[in-house]
Structures are given as C-alpha cells and as structure tokens.
Amino acid sequence: TIEHLSPGGVVETGALVFYDLDASINDELSAMEETLMQLMADWARREIEKLNTDQRLEKAMASLTRTRDYSGVIAWELDLKKEKWLWSTDIDAAAAGEWYYKSIEEVKEKVHKDFRDEVVRTITQSVRDKVPYELEYQAYLKNDELRWFWSKGETEYDAAGAPQKRFGV
C-alpha cells in the first residue's frame, strides 16, 4: 500500500524508507500514477475487445467457409492489369482446374458461340456503367465438355475510374 505523506513525513515499510521531501511532488506523482493506470486500463480494455472481435471474426469466417464449401460456389477475383485470377481457396483452384483458364481471351474463346456476344456485351456494359452483372451461359471445359455456368460479379475501380479488378462467383 502507498500512503500519502505529509510534508517532511517518513514512512518505513520493511527495508524501504520513503521520505516526503515535497508534498507537491507526491501530488504530481499521484496524478501521474493515476493517469498511467488509466492509460494501462484503457489499453487492456482495447486489447480484450480486439481479442473478442478476433475470436468472433474467426468463428464467422469458419462458418462462411463451411457454407461456401457446402454450396459448391467458387469465389474468384481477377486482377485486370495482370490478367491473374485469385480463387477463394487453393482447393477451389484445384477443383476449378477442369475449366480454369489463364487469360480473358481464353475464357471468351471457351464461351459457347450462342452466348459469346451476350457475355461480352453484359460485362462491357457492367464495366461502362459501373454496375454488377449476372450471367447464365454455356462454356466448354478444358476437356471440351459443354457446361452451364451462372456468374455474378462486379468491377472495382481506381480513383480515376479505371477498372482494376473484377470479382464474383
């Protein structure tokens, strides 16, 4: 326990001796100690809140991953400058291997000719008008099997309004 001393007072506790040389110094230290304690308590409170938030986020992500896995939906992101796809998980990339193409041109070529113009027009209009798109079309897998696809996505733009990324399912 810390005792407040009167000017010139002495308190002995075991081997320690505290001298009160100036009461105003003790008052300042007391105020500084209170401020330090408050700062430490605030920091501890924020850390606990962050931990709780991280735990809630981790649970939500696990739930979302399970839901995505059960639904069979593959999420993707396309960097338009690099023409590089990023899949929601490595498993998605492996599973998508039978229809996964590396370039936008390759994708256009694999869309069935009856749907190609509509796909190009819809995506072009989506980028121009800066609105999401939704498509249903047929495309060929790498083994030339024709399959139906449903795709929904949108484009992300830089500050100048130039398209940067497209993402969707």
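Here the shortest heavy-atom pairing between Arg116 and Glu109 reads NH2-O, 3.1 Å.
In this structure, the side chain of Thr53 engages the main chain of Glu49 through a donor-acceptor pair within 3.5 Å. A distance-only check finds no donor-acceptor pair linking the side chain of Glu134 to the backbone of Pro132 [under 3.5 Å].
Heavy-atom neighbours of Gln55 CD from other residues, nucleotides or ligands within 6.0 Å: above the threshold of 12. No more than 12 heavy-atom neighbours from other residues, nucleotides or ligands sit within 6.0 angstrom of CH2 on Trp43.
His112 places a side-chain heavy atom less than 4.5 Å from the side chain of Tyr140. Within the 4.5 Å cutoff, side-chain heavy atoms of Asp144 are placed close to those of Lys110. A 4.5 Å side-chain heavy-atom check between Leu80 and Lys165 finds every atom pair outside the cut-off. Side-chain contact check for Phe149 versus Glu136: every heavy-atom pair is 4.5 Å or farther apart.
No single ILVMFWY cluster, assembled from side-chain heavy atoms under 4.5 Å apart, contains both Val131 and Val120. Following chains of ILVMFWY side-chain contacts shorter than 4.5 Å, one cannot reach Leu57 starting from Ile48, and the two form parts of different hydrophobic clusters.
Considering CZ of Arg166 and OG of Ser151, their distance stands at 9.5 Å, rounded to 0.5 Å. The distance from atom CH2 of Trp150 to atom OH of Tyr137, rounded to the nearest 0.5 Å, is 11.0 Å. Considering CZ of Arg128 and CD of Gln125, their distance stands at 5.0 Å, rounded to 0.5 Å. Distance check: Trp148 CH2 to Gln138 CD gives 4.5 Å after rounding to the nearest 0.5 Å.
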Given Leu135 and Ile123, is the side-chain contact (heavy atoms from CB on, under 4.5 Å) satisfied, shown in steps?
CA-CA 9 Å; Leu135 287 165; Ile123 292 175; 4.0 Å; yes

Intermediate values then yes/no, side-chain contact (heavy atoms from CB on, under 4.5 Å), Glu156 and Phe167:
CA-CA 8 Å; Glu156 186 177 282; Phe167 54 94; 4.1 Å; yes

Evaluate the salt bridge (Lys or Arg N to Asp or Glu O under 4.0 Å) criterion for residues Glu118 and Arg121: first the C-alpha distance (whole Å), next the side-chain angles of each, then the deciding distance (0.1 Å), finally the verdict.
CA-CA 5 Å; Glu118 178 188 349; Arg121 183 176 51 252; 5.5 Å; no

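Ion pairing between Arg147 and Glu145 holds under the 4.0 Å rule for side-chain N and carboxylate O.
Both tests hold for Lys130 against Tyr157: distance to the six-membered ring centre under 6.0 Å, angle to the ring axis within 45°.
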